[in-house]
Amino acid sequence: MRFIIFLFFFLCFSCETKNNKVVSTISKSGMVSSAHPLASEVGIDVLKKGGNVFDAAIAVHFALSVVYPSAGNLGGGGFAVYRLNNGEVGTLDFREKAPKLSFRNMYLKEENGKLIVDDNKSKLGHLASGVPGSVDGMVTLHERFGSLGWPTLLDPAIKLAKNGFNITKKQSASLNKVKSSFQKVNDKPISFINESKWKENDILIQDDLGNTLSRIKTDKRNGFYSGITAELILKEMIDGGGIITKDDLENYSSIWREPVIGYYKNHKIISMGPPSSGGIALNQLLKGAEMLEVSNYNHNSSDYVHLLSEIESRVYADRATYLGDSDFYNVPQKKLISSDYLSERFGTINHLKTPSNQIKEGDIDLIESEETTHFSIVDKFGNAISVTTTINGAYGSKVVVDGAGFLLNNEMDDFSVKPGHPNMFGLVGGEANSIEPNKRMLSSMSPTIIEKDNNLFMVLGTPGGSTIITSVFQTILNVIDFNMGMQEAVDSKKFHHQWLPDAIIIEKNTLSEENISLLKDKGHTFIERNSIGRMDCILIKDNKTLEGGADKRGDNVALGY
Ligand code: DON
């Protein structure tokens, strides 16, 4: 009987339109959308066992640390936004922290009497790492909300690490691409380096990582922040010239924070506040979209792209000046999202691009990478969780902790290492996001949950560095203003303006030649990218079914049951 019901649901709900471009995953009870098929499977198994979204999130996170090493992690950090079925909402901040021995000018060097940025140090190697927060984050989520036993949630990841898994084509290409960087900062053998080139379906076995996960399974927090794992991290720091200390590891703790809440056309937007810039910026963007009535224009028409770009550039200019870790810097949150302030801010937008002499140009070296990871989960109880985690760039600092098998982040680059100096995503900043011991670096990660008429409506998020906020913004507009389904909204082409550089960053083939020349007439210039974002989202449809949206730009998969 069960099988027949399953078959019925599978046939009815697995695909919407096969011949059409949009193929979406629809289900009744629960849904997991993540960056890797094996991680989504792990999550669905937990939900089927009766676990809730927190149980599934923990299992998915640890599975991603194995099967998605470019971004899934033990050595990084992130944010979780949740909504319980009774409407209670909250967020957990498990962002990395600057080590106690860090200091403001640590990435500057003197040359000809001038302080210049020693660029590589905040990106590659041991000095680039903040104190990891992910393991503490998972333990903290479990202690408060977990319903299944902790060991059960680690087992799938341990199995994947020990037995190995088949890498995807995209993963083989990405591992081959970073081989020389791995070699620069690791003098011991690591599982990510193969003698010959990696190929699709090669098996990646990670024994050391499996052992670290087993220690976390047994000793939870202490399996990472003290004992053998901590000793291995400290040894790695000493050998490689890093500055993370025993105290840094012992003192790391995640923080429950109030979400940033805003409204867009009667939808309630629940997102992440500082040290993420996501929630505040998203609120500003949506207020701008409402004030300028952008839904009156055709989707991705030249006028639409112009207006959104003008709104976005103003929001990113505010981000650069006013946003940082609110535990260290007085972020003027209320003012930034107040209607009075924003009507003045967006009131200057007209049909022409704001003259470029009002915008300083930076020396930009933008990185095209999607190496953070987001997952969205809804369970049969109606709870939802939206989690974005990162080690920053692809494979973080590229340093694998010898004997422990996991990569350390290069999150220190998210600080403003020198006022006005662009980080790897071209973002600039100043005092608000300067380096201070124990401070959290400003993030763009924007895990978000949306309510409509007091009911759960959408769960969404993405990697993409600076483009995260604008991808989430445009995906929300795609669904609310342009009536797209979840998969269609994810598939839809994205563009992005971040104030500096003074250009619209755009996915290939987003705009017709005609629209491009109309925008050029208004004064815009363009930087083309192969892709923007790797969204993992869930939409709750009117008939209460769940539609998953998993980004085809990556190996992402939404699974339902
Ligand atoms: O927290 C942040 O904003 C960045 N560390 C996110 C990095 C990211 O999304 C990498 N992918 N492009």
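Note that the coordinates shown come from a computational prediction; the quantities given were computed from them, not determined experimentally. Note that ligands are numbered from 1 as they come in the structure, with each ligand's atoms numbered from 1 the same way.
The shortest N or O to N or O distance between Gly465 and ligand 1 is under 3.5 Å. Taking distance alone, with nitrogen or oxygen atoms compared against 3.5 Å, Gly464 approaches ligand 1 more closely than that limit.
By heavy-atom distance, the residue among His374, Glu96, Glu411 lying nearest atom 5 (N) of ligand 1 is Glu411.
Contacts between Thr372 and ligand 1, counted as non-hydrogen atom pairs separated by less than 4.0 Å, involve both the backbone and the side chain. Under 4.0 angstrom from ligand 1, the non-hydrogen atoms of Asn392 come from both its backbone and its side chain.
For the pair Arg319 and Trp499, the NZ or CZ position fails the cation-pi test of under 6.0 Å to the six-membered ring centre and within 45 degrees of the ring normal.
Residue Met445 approaches ligand 1 through these ligand atoms, each under 4.0 Å from one of its heavy atoms: 1 (O), 3 (O). Near Arg95, the atoms of ligand 1 lying under 4.0 angstrom from a non-hydrogen atom of the residue are 1 (O). Ligand 1 places these atoms under 4.0 Å from at least one heavy atom of Ile468: 9 (O). Residue-ligand proximity, Ser444 to ligand 1, at heavy-atom distances under 4.0 Å covers atoms 1 (O), 2 (C), 3 (O).
The OG atom of Ser40 sits 7.0 Å away from atom CG of Asp536, with the distance rounded to the nearest 0.5 Å.
For Tyr322, there are no ring-ring contact (aromatic ring centres under 6.0 Å, His included) partners two or more places apart in sequence or in a different chain.
Between Asp327 and Lys439 no salt bridge is recorded (no basic side-chain N to carboxylate O distance below 4.0 Å). Salt bridge status for Glu431 with Arg104: present, with a side-chain N to carboxylate O gap under 4.0 Å.
Proximity of Met441 to ligand 1 is not established, as no heavy-atom distance is less than 4.0 Å.
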Using the rule given for salt bridge (charged side-chain N to carboxylate O under 4.0 Å, His left out), can you reason through Lys170 versus Glu200, listing the C-alpha separation, both sets of side-chain angles and the distance that settles it, and then say yes or no? CA-CA 8 Å; Lys170 287 195 171 79; Glu200 182 180 8; over 6 Å; no

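Ring geometry, Tyr225 versus Tyr252: the interplanar angle falls under 30°, so the pair is classed parallel (tilted spans 30 to 60°).
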